[in-house]
*Asks:* 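Pasting a structure here, questions to come.
Position 1 is the first residue of the sequence, and the numbers go up from there.
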Amino acid sequence: MAAEKGAILYAYWLSSCSWRVRAALTLKKIPFEERTVDIVKEKKQFTEDYRAINPAQKVPALAIDNVVLVESMAIIQYLEETRPQPALIPKTPLLRARMREICEIVVSGIQPLQSFGLKPQFETEDQFQKFTKHFSERGFETLEDLVQKSAGKYCIGDQITIADICLVPQFYNAYSRYSLDLAKYPTISEIYNTLLQHEVFQKTHPKNVKPKK
């Protein structure tokens, strides 16, 4: 069997959505090259060149198998369906539903409401910070209750799943920005700290992929 050609991940080092895909690629041992799209200072996502890659002008985008895929969850699901080992979804319907509950809280209930893309819609930095912190804390309160139903070593028993891939970047993002009181979220805090020690999350951590000046 011919060796798999490397994929190209268009991403930003501090983007939680980018980290999700970076972690999935690494867990599945899929070779890839990461190309930086600076979405904060240089706003490269708004160039016509990048729009040709991703019409939504967001990160991430993944070029793989002679196609370009956008939206982190669609990308991860494609990787799972085309490269099913190691599996990132649980075996039973109930546990898969639990996993998807956790994922949806992160990707629909937290991340879009704390995105830097919302910042121009607020008159002051303080208004933006209060808004984003409120919805982050509300989301983590929900996650704490949900994860208690399925947790083992990780979000779903002792298997790393897409739920963990969603949790780690979002929790890191919120903790870095708001200094969250971890005592309020003992279950997900413990899982988060355990996952941070895993080789995959160490390797894909923003501090280890930040472009050098």
*Asks:* Considering only residues two or more places apart or on different chains, which pairs with a residue in residues 87-104 satisfy side chain to side chain donor-acceptor pair (under 3.5 Å)?
*Replies:*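 Applying side chain to side chain donor-acceptor pair (under 3.5 Å) to every pair that reaches into residues 87-104, excluding sequence neighbours, yields Arg98-Glu101, Glu104-Ser108.
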
*Asks:* Between atom CD of Gln77 and atom SG of Cys103, what is the distance when rounded to the nearest 0.5 Å?
*Replies:* 9.5 Å

*Asks:* So how far is it from Leu14 CG to Ser176 OG, rounded to the nearest 0.5 Å?
*Replies:* 7.5 Å

*Asks:* Does Thr161 use its side chain to pair, donor to acceptor, with the backbone of Ile156 at less than 3.5 Å?
*Replies:*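 No; judged by distance alone, with no hydrogens or angles, the pair does not exist.
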
*Asks:* Check salt bridge (charged side-chain N to carboxylate O under 4.0 Å, His left out) between Lys28 and all other residues, then give those that pass, not counting sequence neighbours.
*Replies:*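 Per chain and number, Lys28 pairs via salt bridge (charged side-chain N to carboxylate O under 4.0 Å, His left out) with Glu80.
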
*Asks:* Okay, side chain of Asn193, backbone of Ser189: is any donor-acceptor separation there less than 3.5 Å?
*Replies:* yes

*Asks:* Run the salt bridge (charged side-chain N to carboxylate O under 4.0 Å, His left out) test against Glu71 and tell me which residues pass, sequence neighbours left out.
*Replies:*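 Glu71 satisfies salt bridge (charged side-chain N to carboxylate O under 4.0 Å, His left out) with no other residue.
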
*Asks:* Crowded around Glu190 CD? As in, over 12 foreign heavy atoms under 6.0 Å?
*Replies:*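 No, because the 6.0 Å sphere around CD of Glu190 holds 12 heavy atoms or fewer from other groups.
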
*Asks:* For Arg83, is there an ion pair with Asp65 - N to carboxylate O distance below 4.0 angstrom?
*Replies:*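 Yes, charged N to carboxylate O under 4.0 Å.
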
*Asks:* Not counting sequence neighbours, which residues clear side-chain contact (heavy atoms from CB on, under 4.5 Å) with Glu137? List them please.
*Replies:* Lys133, Leu180, Lys184, Tyr185

*Asks:* Are more than 12 heavy atoms from other residues, nucleotides or ligands located less than 6.0 Å from atom CD of Glu125?
*Replies:*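 Counting neighbours around CD of Glu125, more than 12 heavy atoms of other residues, nucleotides or ligands fall under 6.0 Å, so yes.
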
*Asks:* Okay, side chain of Gln159, backbone of Ala87: is any donor-acceptor separation there less than 3.5 Å?
*Replies:* yes

*Asks:* Can you tell me how far the CD1 atom of Ile160 sits from the CG atom of Leu167, to the nearest 0.5 Å?
*Replies:* 11.5 Å

*Asks:* To the nearest 0.5 angstrom, please state how far the CD atom of Gln111 sits from the OG1 atom of Thr132.
*Replies:*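 Reported to 0.5 Å precision, the distance equals 12.0 Å.
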
*Asks:* Restricting to ring-ring contact (aromatic ring centres under 6.0 Å, His included), what partner residues turn up for Tyr78, sequence neighbours left out?
*Replies:* none

*Asks:* For Val106 and Cys166, work out which heavy atoms get closest and say how close.
*Replies:* CG1-O, 3.6 Å

*Asks:* Among all residues two or more places apart in sequence or in another chain, which pass the salt bridge (charged side-chain N to carboxylate O under 4.0 Å, His left out) test with Arg35?
*Replies:* Glu33

*Asks:* Could you report the tightest heavy-atom contact between Phe201 and Asp164, atom names first, then the distance?
*Replies:* CZ-O, 4.1 Å

*Asks:* Hey, quick one: are Val67 and Leu79 part of the same hydrophobic cluster, counting side-chain heavy atoms closer than 4.5 Å, chains of contacts allowed?
*Replies:* yes

*Asks:* Any chance you could measure Leu25, atom CG, to Leu62, atom CG, to the nearest 0.5 Å?
*Replies:*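 CG of Leu62 is found 5.5 Å from CG of Leu25.
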
*Asks:* Can you sort out the partners of Pro169 under side-chain contact (heavy atoms from CB on, under 4.5 Å), two or more places apart, ordered by chain and number?
*Replies:* Ser16, Trp19, Arg20

*Asks:* Mind checking whether Phe46 and Tyr50 have ring centres under 6.0 Å apart?
*Replies:* no

*Asks:* Heavy atoms only: give me the nearest Thr36-Pro211 pair and the separation to one decimal.
*Replies:* OG1-CG, 3.4 Å

*Asks:* Can you check whether Ile188's main-chain N or O pairs, donor with acceptor, with Glu144's side chain at less than 3.5 Å?
*Replies:* yes

*Asks:* Give me the atom names and distance for the closest heavy-atom approach of Ile75 to Leu69.
*Replies:*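 Heavy-atom minimum between the residues: CD1-O, 3.5 Å.
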
*Asks:* If the condition is salt bridge (charged side-chain N to carboxylate O under 4.0 Å, His left out), which residues does Asp126 pass it with, not counting sequence neighbours?
*Replies:*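 Asp126 satisfies salt bridge (charged side-chain N to carboxylate O under 4.0 Å, His left out) with Lys130 only.
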
*Asks:* Would you give the length of the straight line joining atom CD of Gln202 to atom OG1 of Thr26, rounded to the nearest 0.5 angstrom?
*Replies:*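 So the gap between those two atoms works out to 12.5 Å.
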
*Asks:* Would you please name every residue forming a side-chain contact (heavy atoms from CB on, under 4.5 Å) with Ala56, sequence neighbours left out?
*Replies:* Asn54, Lys58

*Asks:* Show the nearest heavy-atom pair for residues Leu9 and Pro60, with the distance to one decimal.
*Replies:* CD1-CB, 3.9 Å

*Asks:* Does Phe171 have any ring-ring contact (aromatic ring centres under 6.0 Å, His included) partners at least two apart in sequence or in another chain, and if so, which?
*Replies:* Phe140, Tyr192

*Asks:* Going by the rule side-chain hydrogen bond (donor to acceptor under 3.5 Å, both in side chains), which residues pair with Ser15 if we only count those two or more places apart in sequence or in a different chain?
*Replies:* Ser18

*Asks:* Would you indicate whether the side-chain heavy atoms of Ile89 and Leu95 approach each other to under 4.5 Å?
*Replies:* no

*Asks:* Evaluate the side-chain proximity of Ile105 to Ile102: yes if any heavy-atom separation is below 4.5 Å, no if none is.
*Replies:*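 Not touching, per the 4.5 Å side-chain cut-off.
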
*Asks:* Could you list the residues that satisfy side-chain contact (heavy atoms from CB on, under 4.5 Å) with Lys44, not counting sequence neighbours?
*Replies:*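 So Lys44 forms a side-chain contact (heavy atoms from CB on, under 4.5 Å) with Val37, Asp38, Glu42, Thr47.
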
*Asks:* Give a yes or no on whether Ile76 and Val70 share a hydrophobic cluster (residues Ile, Leu, Val, Met, Phe, Trp, Tyr; joining criterion: side-chain heavy atoms under 4.5 Å apart).
*Replies:* no

